[in-house]
*Asks:* 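Let me give you the structure first, and then I'll get to my questions.
Every chain is numbered from 1 and lettered A, B, ... according to where its sequence line falls, protein lines coming before strand lines. Just so you know, these numbers use all the heavy atoms, side chains as well, and skip hydrogens, waters and symmetry mates.
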Amino acid sequence: MAVHVLETDGQVCPFPIVEAKEAIALLDLGDELVINFDCTQATDALPRWAAEEGYPVTNFDRVGDAAWTITVQKA
Amino acid sequence: MMSRSVNSAFTTAAKVKNERGYDMLLTGLGLGIALGFAMQRGRFCVTGAFRDLWVTGNTRWITAFLIVIAVQSVGVFTLDAVGVISLSSSAFPWLATVLGAFLFGFAIVLAGGCATGTYYRAGEGLVGSWLALIFYALFSAISKTGVLATGVSGLRSVTVEASTVHGLLGVSPWLLIAVLASAVGLLVRHHLRKRPGARLATLPPRKRGIAHLLFEKQWGAFTTALVIAALAILAWPLSWATGREAGLGITGPSSNIVNYLVSGDAEVIDWGVYLVIGILTGAFIAAKGSGEFRIRIPDAVTTVRSIAGGALMGIGASLAGGCTIGNAMVNTASFELQGWVAFGFMILGTGAATRLFITGPSKARSARNAAAAGSSSQTATPGPNAARASVRR
C-alpha cells in the first residue's frame, strides 16, 4: 500500500479537487492520497467529494494559517 | 460639532450628505461586514455554484443560491406591498444583457470568483483576488463612466418593451414566488435526502463556545443561504433610506470607488460603497479569526488569468447591468427579465470557460495518463502540479 502526495498549495478552486480526481484515478485500491491545499472552499468540497465517492478519509487537519491536508483512501 | 467658519461650498456639500444621512450610510458598512463574514465562513461562492454544474453536475450550491433568490423574493414583494420600498421597472436591454452576462460568466472562471467572491477572497489574503478586484473595479468605471461608456450605453439602448417576468406573463408576482419556492423546496428535499452515507470528515475542533460557533464550526450550504437571504432583504430598506433605491449591488459601488479615488468627488460615495468595503472587512475578520488569512501569491498563469478575468468581469457586469449578485441574485428576486436572462447566460458563459480551462485540459491529461498506463505506469502525463507531486512508499 503506497501513500501518494499531491501538492495543490497556491491553486484556487476547483483545481485541488480536479487534480485529486486525476491523481486518484491512477492509484491502486487501498492506496492513500495526501492532498495538501490552501483553497478555503476545498475544506467543504474535498471531504464531501470523498464521502460521495465512498473513499474513507484517514486524516483531515490544519497545517498552518489557511493551509490544510486531507488523506483519502482509494476504495 | 461643525465649525461655522468652514467655507460655504463645504457646508452645502455636508448638508446634502447629512440629508442623506452619514449614519444611514454606515448601515451599509455594518451589513457589508455581516455579509462578508457569512460568505467567508459559509464558503458561499457563486462561481463555484455555477461551475459545479459543469464540472461535476452537482446542484448543492446552486440550490443554496436559489434559496437566497426565493426567500429574498418573498421579502422584496412584502416590502413593496407594505410601501417600505416601491419596485419600479424600465425596458429590458436584452442585447447587452445577453452579451454582458455571457462575458461575465466566462470571466469569473478566469478570475476564480465572481464580484463578491473576489471581494471576500481578497479579504482572505489571496493576491490573485486583489488583482482581479482592482481590474474589475477599474474596468467597471471605464465601462460605466469612461472611454467604453458610449459603447456600453449604446448596446444597452437596444431594448424590448417588457421589464418583468410577471408583467410579460400578465400574472401576479406572488404566483411566480409560489412556483419558485416550490421548485426550490423540491431541490432542497432532494439534497437533504441524499446526504452521503459515509460520515463527512470534519476538522478537529480547537476552539470552544462562541469562538467555535463563530470562527470554526462549518455552516452548511443551506444555513449560509438563509443568512445571506436575510441580509439581502435587509439591504433593500437600509439602502432605500439613503436614497439608493436598490438592493445588494457590487459593480456600481466598485466603479464609484474608482471614480471617487481619481476625481475626489465625495458625492459618488453611496450606501453601496460602504457595503463593498464592509464585505472586504467582514471577510478579513472572519478569515483572521479562524486562522484562514494568509497572503497567498499566485503563480504566473493564475496572475494573468486573475487580471484578464477581473477586467472582463468589469465590462461584462456593466453591459449586463449587474454581476452575479446585482443581477442573478437580486434582480431575479424582483422577477426582472434582466435578472433571469443574465442568470441563464452567466451559467452558459461559466460553462464555456469551464470546458476551455478546467474540464477540457483535465480530460486530456487523464486520457494521456490512461494511454501511458497501458505501456508503463511510470510515465503518467503530469498535471500543472506534478513537478511537486511525489510518491512515498
Side-chain angles (χ1 to χ4, degrees), chain A residues 1-23 25-28 31-72 75, chain B residues 40 42-43 45 47-48 51-52 55-56 58 60-61 112-113 121 124-126 128-129 194-204 206 218 221 287-288 291-294 296-299 302 306 354 358-359 361-362 365-366 369-370 373 377 380 383-393:
Chain A
M1 199 180 79
V3 177
H4 305 251
V5 181
L6 179 68
E7 295 288 352
T8 70
D9 282 5
Q11 298 241 56
V12 291
C13 289
F15 292 105
I17 195 166
V18 167
E19 296 204 357
K21 282 180 186 170
E22 288 174 28
L26 301 173
L27 304 195
D28 296 325
D31 280 6
E32 286 190 323
L33 181 66
V34 176
I35 308 154
N36 295 325
F37 62 99
D38 65 3
C39 169
T40 313
Q41 282 69 43
T43 59
D44 173 69
L46 285 172
R48 188 163 295 270
W49 161 70
E52 282 174 0
E53 294 289 330
Y55 299 148
V57 171
T58 55
N59 182 41
F60 182 30
D61 211 348
R62 307 166 189 83
V63 290
D65 273 356
W68 299 268
T69 183
I70 188 168
T71 306
V72 175
Chain B
Q40 200 281 336
R43 283 84 169 94
C45 175
T47 308
R51 205 174 44 204
D52 281 354
V55 178
T56 57
N58 190 304
R60 176 169 159 261
W61 278 106
R121 265 187 278 271
E124 288 181 334
L126 270 81
S129 295
K194 73 153 205 179
R195 276 173 190 275
R199 215 172 61 83
L200 215 54
T202 52
L203 289 164
R206 291 188 306 188
Q218 283 217 310
K288 193 73 188 165
E292 294 175 353
F293 177 85
R294 182 161 53 86
R296 282 164 271 184
I297 310 290
D299 60 21
T302 311
S306 298
T354 300
I358 300 168
T359 51
S362 174
R365 280 196 302 273
S366 293
N369 286 344
S377 62
N385 283 308
R388 284 179 291 151
S390 60
V391 179
R392 279 200 316 247
R393 283 184 193 275

*Asks:* Would A:Val12 and B:Arg121 count as a side chain to side chain contact (heavy atoms under 4.5 Å, CB included) here? Give the steps.
*Replies:* CA-CA 10 Å; A:Val12 291; B:Arg121 265 187 278 271; 5.6 Å; no
*Asks:* Among the options B:Thr202, B:Thr302, B:Thr56, B:Thr359, pick out the one with the most heavy-atom pairs lying under 4.5 Å from chain A.
*Replies:*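 The residue among B:Thr202, B:Thr302, B:Thr56, B:Thr359 with the greatest pair count is B:Thr202.
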*Asks:* Quick one: CZ on A:Phe60 to CG on B:Leu200, what's the gap to the nearest 0.5 Å?
*Replies:*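 Going from the CZ atom of A:Phe60 to the CG atom of B:Leu200 covers 8.5 Å.
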*Asks:* Which atoms of B:Ser362 are under 4.5 Å from chain A, going by heavy atoms: the side chain, the backbone, both sets, or neither?
*Replies:*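 Interface part for B:Ser362: both.
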*Asks:* Does any heavy atom of chain A fall under 4.5 Å from the side chain of B:Asp52, the backbone, both, or neither of them?
*Replies:*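 No part of B:Asp52 comes within 4.5 Å of chain A.
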*Asks:* How long is the span from the SG atom in A:Cys39 to the CZ atom in B:Arg43, to the nearest 0.5 Å?
*Replies:*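 Output value for this atom pair is 9.5 Å.
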*Asks:* List the atom of B:Ala201, the atom of A:Pro47, and the distance in Å for their closest heavy-atom pair.
*Replies:*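 Answer, listing the atom of B:Ala201 first, then A:Pro47: O-CB, 3.5 Å.
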*Asks:* Please classify the contact between B:Leu126 and chain A as side chain, backbone, both or neither, with a heavy-atom cut-off of under 4.5 Å.
*Replies:*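 Looking at B:Leu126, just its side chain touches chain A.
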*Asks:* When heavy-atom pairs shorter than 4.5 Å are enumerated against chain B, which of A:Cys13, A:Pro56, A:Pro14 gives the highest number?
*Replies:*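 Top count of heavy-atom pairs under 4.5 Å with chain B: A:Pro14.
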*Asks:* What's the spacing between B:Arg296 CZ and A:Asp38 CG if we round to 0.5 Å?
*Replies:*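 The CZ atom of B:Arg296 sits 5.5 Å away from the CG atom of A:Asp38.
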*Asks:* Dump the intermediate steps for salt bridge (Lys or Arg N to Asp or Glu O under 4.0 Å) on A:Asp9 and B:Arg294, then the final yes or no.
*Replies:* CA-CA 12 Å; A:Asp9 282 5; B:Arg294 182 161 53 86; 5.2 Å; no
*Asks:* By a 4.5 Å heavy-atom criterion (distance strictly below it), what part of A:Trp49 contacts chain B: side chain, backbone, both, or neither?
*Replies:*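 Contact with chain B: none, neither part.
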*Asks:* What are the two closest non-hydrogen atoms of B:Glu292 and A:Thr40, and how far apart are they?
*Replies:*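 Where B:Glu292 meets A:Thr40 most closely, the heavy atoms are OE1-CG2, 3.5 Å.
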*Asks:* Give the member of A:Val57, A:Asn36, A:Ile17, A:Thr43 that has the highest number of heavy-atom pairs under 4.5 Å with chain B.
*Replies:*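 Most heavy-atom pairs within the cutoff with chain B belong to A:Thr43.
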